[in-house]
Number of protein chains: 2
Amino acid sequence: MAEKISLINDLKERGLRVTPQRAIILEAIEKLSGHITAEDIFALVQKSSPYISLATVYRTLDLLKELGLITESHMGTGTTHYALMTHGPHHHAVCRKCNRSIELPHDAFMPLVEKLHSEYNFIADANHVVILGWCQECQPED
Amino acid sequence: MAEKISLINDLKERGLRVTPQRAIILEAIEKLSGHITAEDIFALVQKSSPYISLATVYRTLDLLKELGLITESHMGTGTTHYALMTHGPHHHAVCRKCNRSIELPHDAFMPLVEKLHSEYNFIADANHVVILGWCQECQPED
DNA sequence: TTATCTGCAAACGATTTGCGGCAGC
DNA sequence: GCTGCCGCAAATCGTTTGCAGATAA
């Protein structure tokens with residue numbers, strides 16, 4: 001319940017303004033959990049205040065990205081998806097068909113991340129990996 | 001040396017035409033190894049035949065995608081990257097800084113893919129996963 | 001010949017930006 | 001009141017598409 005306060009405080013601490021638009025957009029992002037697009041946020045935001053523009057949604061998303069509060073991911077489609085960076089690194093398995101997303105714990109990726117480091121000297125930026133595929137209900141039957 | 005013939009044969013077998021444009025584009029894709037963009041191909045192709053249009057490059061890429069000869073991946077940027085699907089499923093670790101890409105064997109991902117299946121009943125479409133991060137030479141020193 | 005390809009230029013969807021006005025601090 | 005923010009509309013970027021003419025088979 002007090003979650004959104006922390007987002008707002010983050011803005012204040014950086015000397016950024018807390019405008020009604022930003023507050024509404026932050027609230028919408030929290031309400032829409034999982035992978036959401038700028039349009040998703042825009043659509044929800046419009047219901048409470050129809051005068052908030054799409055450009056502002058994008059500008060706010062940029063801001064949150066810089067503050068490290070959300071992560072961006074690009075799946076098959078041309079549209080960028082965003083997700084709240086609430087509780088440390090986590091990942092998603094996203095269904096190609098129904099778009100449902102399953103949250104995966106970070107440790108599912110640890111062996112891979114460690115292997116990359118030890119064998120390839122590669123530091124994976126595995127804060128939010130997205131794996132595409134098919135969920136239980138949408139699996140090709142053949 | 002005879003590699004490109006097989007791509008061309010693939011086209012013929014499906015009753016598709018082997019036009020000079022397609023031959024040139026295929027050659028360019030082979031020459032530019034790793035993750036390439038449509039623009040990369042276009043730029044190279046222009047050198048040998050300036051009259052090939054960008055639309056044709058995109059159309060040929062679509063074709064190769066359908067034939068399963070290339071894979072598409074979306075990294076941080078808005079642009080789509082393509083890679084030749086030469087020898088079965090494989091993956092790439094791509095450096096955020098220098099863009100160098102390290103090819104990873106499929107079995108590095110097997111444990112993860114199996115875990116997704118057994119624990120989440122999720123079938124991962126892990127033909128070509130891209131992991132972003134930093135390579136040995138570009139690692140942040142902090 | 002004839003269905004498939006091509007080039008061109010216009011359309012497209014997602015995102016960004018310039019600008020004049022507005023409003024948190 | 002200053003500075004950062006907003007809404008608007010136009011610009012941009014990557015990609016797709018309609019159409020009429022060209023060409024591989």
Side-chain angles (χ1 to χ4, degrees), chain A residues 5 7-29 35-67 70-82 99, chain B residues 5 7-29 35-46 48-67 70-82:
Chain A
I5 309 267
L7 292 185
I8 289 178
N9 281 345
D10 262 315
L11 297 188
K12 278 187 186 166
E13 276 168 22
R14 305 246 192 163
L16 301 163
R17 289 190 190 161
V18 179
T19 61
Q21 288 91 335
R22 286 182 175 174
I24 290 168
I25 291 171
L26 293 181
E27 209 177 327
I29 293 173
H35 284 93
I36 55 180
T37 65
E39 288 291 345
D40 292 337
I41 298 166
F42 182 59
L44 181 57
V45 152
Q46 287 261 305
K47 289 184 189 166
S48 47
S49 14
Y51 297 114
I52 291 183
S53 86
L54 185 53
T56 301
V57 172
Y58 278 108
R59 284 193 267 231
T60 305
L61 286 170
D62 268 358
L63 198 67
L64 295 176
K65 225 190 312 172
E66 269 168 41
L67 299 179
I70 55 170
T71 52
E72 218 187 62
S73 40
H74 301 256
M75 23 203 77
T77 72
T79 36
T80 307
H81 289 239
Y82 303 87
N99 258 327
Chain B
I5 308 267
L7 292 185
I8 290 179
N9 281 345
D10 263 316
L11 297 188
K12 278 187 186 165
E13 276 166 23
R14 305 247 192 163
L16 301 164
R17 290 193 189 159
V18 180
T19 62
Q21 287 92 335
R22 287 182 175 174
I24 290 168
I25 291 171
L26 293 182
E27 210 177 327
I29 292 174
H35 285 92
I36 55 179
T37 64
E39 287 290 346
D40 292 336
I41 298 165
F42 183 59
L44 181 55
V45 151
Q46 287 262 304
S48 46
S49 12
Y51 298 113
I52 292 182
S53 87
L54 184 55
T56 301
V57 172
Y58 277 108
R59 284 193 269 231
T60 305
L61 286 171
D62 268 359
L63 199 65
L64 295 175
K65 226 189 310 171
E66 270 169 39
L67 299 178
I70 56 170
T71 52
E72 216 186 66
S73 42
H74 302 257
M75 22 202 77
T77 71
T79 36
T80 308
H81 288 239
Y82 302 88

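In what follows, chains carry the letters A, B, and so on, assigned in the order in which the sequence lines appear, proteins first and then strands, with residues in each chain numbered from 1. The model shown is predicted, which means the values in this text are computed figures rather than measured ones. Every heavy atom of this structure was used, including side-chain atoms; hydrogens, water molecules and symmetry mates were not.
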Base-contact (B) and sugar-phosphate-only (S) positions in nucleotides 20-25 of chain D, heavy-atom cut-off under 4.0 Å, - elsewhere: ---BBS

So [Y] and [X], do their side chains get closer than 4.5 Å, heavy atoms only?
{"X": "Q21(B)", "Y": "T60(B)", "result": "no"}
{"X": "I36(A)", "Y": "H81(A)", "result": "no"}
{"X": "I25(B)", "Y": "L64(B)", "result": "no"}
{"X": "T79(B)", "Y": "E39(B)", "result": "no"}

How many angstroms lie between atom [atom1] of [X] and atom [atom2] of [Y], to the nearest 0.5 angstrom?
{"X": "R17(A)", "Y": "T19(A)", "atom1": "CZ", "atom2": "OG1", "result": "9.0 Å"}
{"X": "I70(B)", "Y": "L61(B)", "atom1": "CD1", "atom2": "CG", "result": "4.5 Å"}
{"X": "E13(B)", "Y": "I8(B)", "atom1": "CD", "atom2": "CD1", "result": "12.5 Å"}
{"X": "T80(A)", "Y": "H35(A)", "atom1": "OG1", "atom2": "NE2", "result": "11.5 Å"}

Write down the distance between [atom1] ([X]) and [atom2] ([N]), rounded to a whole number of angstrom.
{"X": "I41(B)", "N": "dT15(D)", "atom1": "CD1", "atom2": "P", "result": "10 Å"}
{"X": "F42(A)", "N": "dC6(D)", "atom1": "CZ", "atom2": "P", "result": "14 Å"}
{"X": "L61(B)", "N": "dG14(D)", "atom1": "CG", "atom2": "C1'", "result": "13 Å"}
{"X": "E39(B)", "N": "dT16(D)", "atom1": "CD", "atom2": "P", "result": "13 Å"}
{"X": "E66(B)", "N": "dT16(D)", "atom1": "CD", "atom2": "P", "result": "12 Å"}
{"X": "H74(B)", "N": "dG14(D)", "atom1": "NE2", "atom2": "P", "result": "14 Å"}

5′-ward residue of the pair T80(B)/Q21(A) relative to DNA chain D: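 Nearer the 5' end of the strand: Q21(A).
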
Most 5' of K65(B) and L63(A) on DNA chain D, judged by nearest nucleotide: L63(A)

Listed pairs under 3.5 Å, donor-acceptor, residues 40-57 of chain A side chains, sequence neighbours left out:
{"from": "D40(A)", "atom 1": "OD1", "to": "T37(A)", "atom 2": "OG1", "distance (Å)": "3.3"}
{"from": "D40(A)", "atom 1": "OD2", "to": "T37(A)", "atom 2": "N", "distance (Å)": "2.9"}
{"from": "D40(A)", "atom 1": "OD2", "to": "T37(A)", "atom 2": "OG1", "distance (Å)": "3.2"}
{"from": "Q46(A)", "atom 1": "NE2", "to": "P50(A)", "atom 2": "O", "distance (Å)": "3.2"}
{"from": "Q46(A)", "atom 1": "NE2", "to": "I52(A)", "atom 2": "O", "distance (Å)": "3.2"}
{"from": "S48(A)", "atom 1": "OG", "to": "V45(A)", "atom 2": "O", "distance (Å)": "3.2"}
{"from": "S53(A)", "atom 1": "OG", "to": "A55(A)", "atom 2": "N", "distance (Å)": "3.3"}
{"from": "S53(A)", "atom 1": "OG", "to": "T56(A)", "atom 2": "N", "distance (Å)": "3.3"}
{"from": "S53(A)", "atom 1": "OG", "to": "T56(A)", "atom 2": "OG1", "distance (Å)": "3.3"}

Contact interval (first through last nucleotide) of DNA chain C with protein chain B, 4.0 Å heavy-atom: dA3(C) to dC8(C)

Helix axis bend for the helix from dT1(C)-dA25(D) to dA14(C)-dT12(D) - C1'-based end axes, five pairs, 10° rounding: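 Taking five pairs per end, the axes differ by 30°.
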
For V18(B), the option from L26(B), L11(B), N9(B) that meets side-chain contact (heavy atoms from CB on, under 4.5 Å):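 Exactly one pass, corresponding to L11(B).
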
Members of residues 50-59 of chain A that approach DNA chain C, where some heavy atom sits under 4.0 Å away: L54(A), A55(A), Y58(A), R59(A)

Non-neighbouring partners of T71(B) that pass side chain to side chain donor-acceptor pair (under 3.5 Å), sequence neighbours left out: H128(B)

Pairing residues for E72(A) by the salt bridge (Lys or Arg N to Asp or Glu O under 4.0 Å) criterion, not counting sequence neighbours: K65(A)

